[in-house]
Each structure stands twice: as structure tokens, then as C-alpha cells.
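Below is a structure I'd like to ask you about.
Order of the sequence lines fixes the chain letters, A, B, ..., with proteins taken first and strands second; residue numbering starts at 1 for each chain.
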Protein chains: 2
Amino acid sequence: MEEQQVGSLHFHIDFSQPLYEQILDQARSAIAKGEIALGDKMPSVRELAQELRINPNTVMRAYQELERDGLTEKRRGQGTYVTSSPEHVASFRTELAARYIDSFMEQMESLGLSWEDIEKYIRRKQDAAQGGLGS
Amino acid sequence: MEEQQVGSLHFHIDFSQPLYEQILDQARSAIAKGEIALGDKMPSVRELAQELRINPNTVMRAYQELERDGLTEKRRGQGTYVTSSPEHVASFRTELAARYIDSFMEQMESLGLSWEDIEKYIRRKQDAAQGGLGS
DNA sequence: TTAAGTGTATTAAGTGATATAATACACTTA
DNA sequence: TAAGTGTATTATATCACTTAATACACTTAA
């Protein structure tokens, strides 16, 4: 397990998933949750690669997907910046959340679990953890 | 997209995921939902491979995992059978469901979504579909 | 103008997961 | 004995992922 702070971003990298996917997910999360502010400069491709001790091409791949998500903008010769548009972040969140939720509901359906079953499990878990998630 | 009925089992195979994983998931689902009965004989490795037009080794891999799940028992020289123990199926369901749910909640948390947000989305979706899932 | 720092593109190579193919063995049943 | 089981092995092929080494175009600041 690898823990790394790069600017205002925090990464924990392991070998359970493709590297570019972990960078992507964790950068998405940081932007979606406002851990890095709108308009802020992201670490450069080379810098992040050096800090995480991985290849620049791998960082590039994650950064290209971030831009496709509408979460970042790239300025040739300057660097990569978090979008300044709150709407872009918001629409990304709802779209990705919808994808996650739909896929999750399919999994539950494949196990023959109803929505009520799921609610019961979550409630039990939240009680046990004394409100771990509910904002 | 490939649709195949093999005995009481139904498979739809594509190239979105590893073949062995699709077989595994769909067999798990069929057993968990009782679409194939406890104690029933599964298709033989060779038969399923032939029907799905894939390699027997690939079916083997899925079948081995099914046994590790406690969902099937293999009898050398006879075949592969669905477990006769309802408890095994039940414990598998709750265990896998817990894994799915936990991973899902992590995804939601990474997007900064609260449990209430999720509930709202689901309710809206269920209303729109006039009760698509609720048992 | 120059140097350093950006994103980007290309080519080559290596590794591991996935899948196929061919074959053989041990076991059970009819 | 023959046919049908699960199982194991070896070889091969493909693809995703990752690294490596370079090179190019652009921007900014010295």
C-alpha cells in the first residue's frame, strides 16, 4: 500500500487495480468532494508520475479521461486545471452516481435481494457504526 | 450478444467481461434465486463448453469458483451438483451481498453522496418504472 | 532569445490475465 | 468394457497494462 500527498491531492496506490484507474478514481473523488478547489492547478503529468513513482504515460491516461469527464481543462504549455464550472462537476457527479447505482441494483437483483432487504442491511450497519455515512 | 439455454440454466455471454466471470455470475444468480433447484445436476464441463462454444478449461475455472463459494459439490466421475444445503446458499447470498453493498457505499462516499441522496434517486427511479424492483 | 516546464505522440518492450487447443489420467456408472 | 464424469498439464495466442526512451509544440519567465 502506497500513500502519497501531492499538492492538495492524496493518493493511495496498490496493485488491486490498474494504476491509471486508481489515479482517475481518486482524482475524480477529490474534485467531486471539493478537496481540490475549482480552477486549481493539478500536479503536472511529470510531477505526479515522479511522486507516485510510475510512468508519465500512465498518468497521462488518467488525465485524458479526467478531461473527457469534463472535470479538468488542459492548457498547452501551462498545465492541467480543475474546471471552473460547478455545473460540470455537478453533472458529472449525478451521471456517475446513476451509473453506479444502476449497476449496483442489477447486482442485488441477481442475488434476488429486494430494495427493502438492502435498506435493512444499511440501517443495521449504520446503527452499528453510529452514523458512519449519513453526512 | 449470445443467448443460450442449457438445461434449466440461461446464459447470455458477451465480450464485456472475462467469460469465466460471466458464467460464474450467472450460475451464482441462478442458484441464489432458485432458478435451478437444490441438489440438481449442473451441466457437465464439456457439455456447457460445447453449448457456449468456449473452451472446457474456461468452464472449469468458473465451476471451481462455484465450489469454493459452497454453491456446488463435485463428484468425481458423476458430475457437478447444486448444493443440497439451503444454509450454504443463504450464507453465500448474505456474504456476497455484504461485499457488494460495502463496495457500493464506498463508491457513493467517494462522490460525496449521502445515503439520503441515494434513497431519493432510487425512489424517483422506482416511481418512474412503477415498482421495477420491490420484490 | 533562451531555458525550463507544460501537454502530447510515437515506438518498443515486458508482464500477466484470459482463452484456446490438444492430450492424458482417475474415477463412476451402465 | 465403454462412455461420461472432473482434473491436470503443456503449449500457444491475444490483449490490457505498464514501463522506457525520445521527440515535438507550446507557454512562461529569466
Residue matched to D:dA30 through Watson-Crick or wobble contacts both under 3.5 angstrom
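Base partner found: C:dT1.
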
For D:dG6, does either OP1 or OP2 sit under 4.0 Å from a side-chain N or O belonging to B:Gln78?
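No, outside the criterion.
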
Residue list, ring-ring contact (aromatic ring centres under 6.0 Å, His included) with B:Phe92, at least two apart or on another chain
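ring-ring contact (aromatic ring centres under 6.0 Å, His included) list for B:Phe92, sorted by chain: empty.
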
Report, as yes or no, whether the 6.0 Å neighbourhood of atom CD on B:Gln50 holds more than 12 heavy atoms from other residues, nucleotides or ligands.
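No, the 6.0 Å shell around CD holds no more than 12 heavy atoms from other groups.
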
Is B:Asp25 paired with B:Arg28 through a side-chain N to carboxylate O contact shorter than 4.0 Å?
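Counted as a salt bridge, because a side-chain N and a carboxylate O are separated by less than 4.0 Å.
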
According to a strict under-4.0 Å criterion, is A:Ser44 in side-chain N/O contact with OP1 or OP2 of C:dG5?
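No, because none of the side-chain N or O atoms of A:Ser44 sits under 4.0 Å from OP1 or OP2 of C:dG5.
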
Gap between atoms CG and P, on B:Leu24 and C:dA19 respectively (whole Å):
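Rounded to whole Å, this separation is 12 Å.
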
Run the numbers on B:Phe15 and B:Gln22 for side chain to side chain contact (heavy atoms under 4.5 Å, CB included), then give the verdict.
CA-CA 9 Å; B:Phe15 289 94; B:Gln22 300 183 50; over 6 Å; no

Nearest-Å distance, CG (B:Leu52) to P (C:dA19)?
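After rounding, the reported distance stands at 12 Å.
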
State whether A:Arg99 and A:Glu95 are salt-bridged, where the test is any N-O pair (Lys NZ or Arg NE/NH1/NH2 against Asp/Glu carboxylate O) under 4.0 Å.
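Here A:Arg99 pairs with A:Glu95 in a salt bridge, since their nearest N and O are under 4.0 Å apart.
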
At their closest point, which heavy atom of A:Glu73 faces which heavy atom of A:Thr83, and how far apart are they?
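Closest approach of A:Glu73 to A:Thr83: OE2-OG1, 3.7 Å.
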
Both distances below 3.5 Å, Watson-Crick or wobble geometry, any strand: find the nucleotide opposite D:dA25.
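WC or wobble partner is C:dT6.
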
Whether each nucleotide of nucleotides 7-19 of chain D has a protein heavy atom under 4.0 Å at its base (B), only at its sugar-phosphate (S) or at neither (-) is summarised, 5' to 3', as BSB-------SSB

Atom CG of B:Asp14 and atom P of C:dA19: how far apart are they, to the nearest Å?
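About 11 Å, once rounded to whole Å.
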
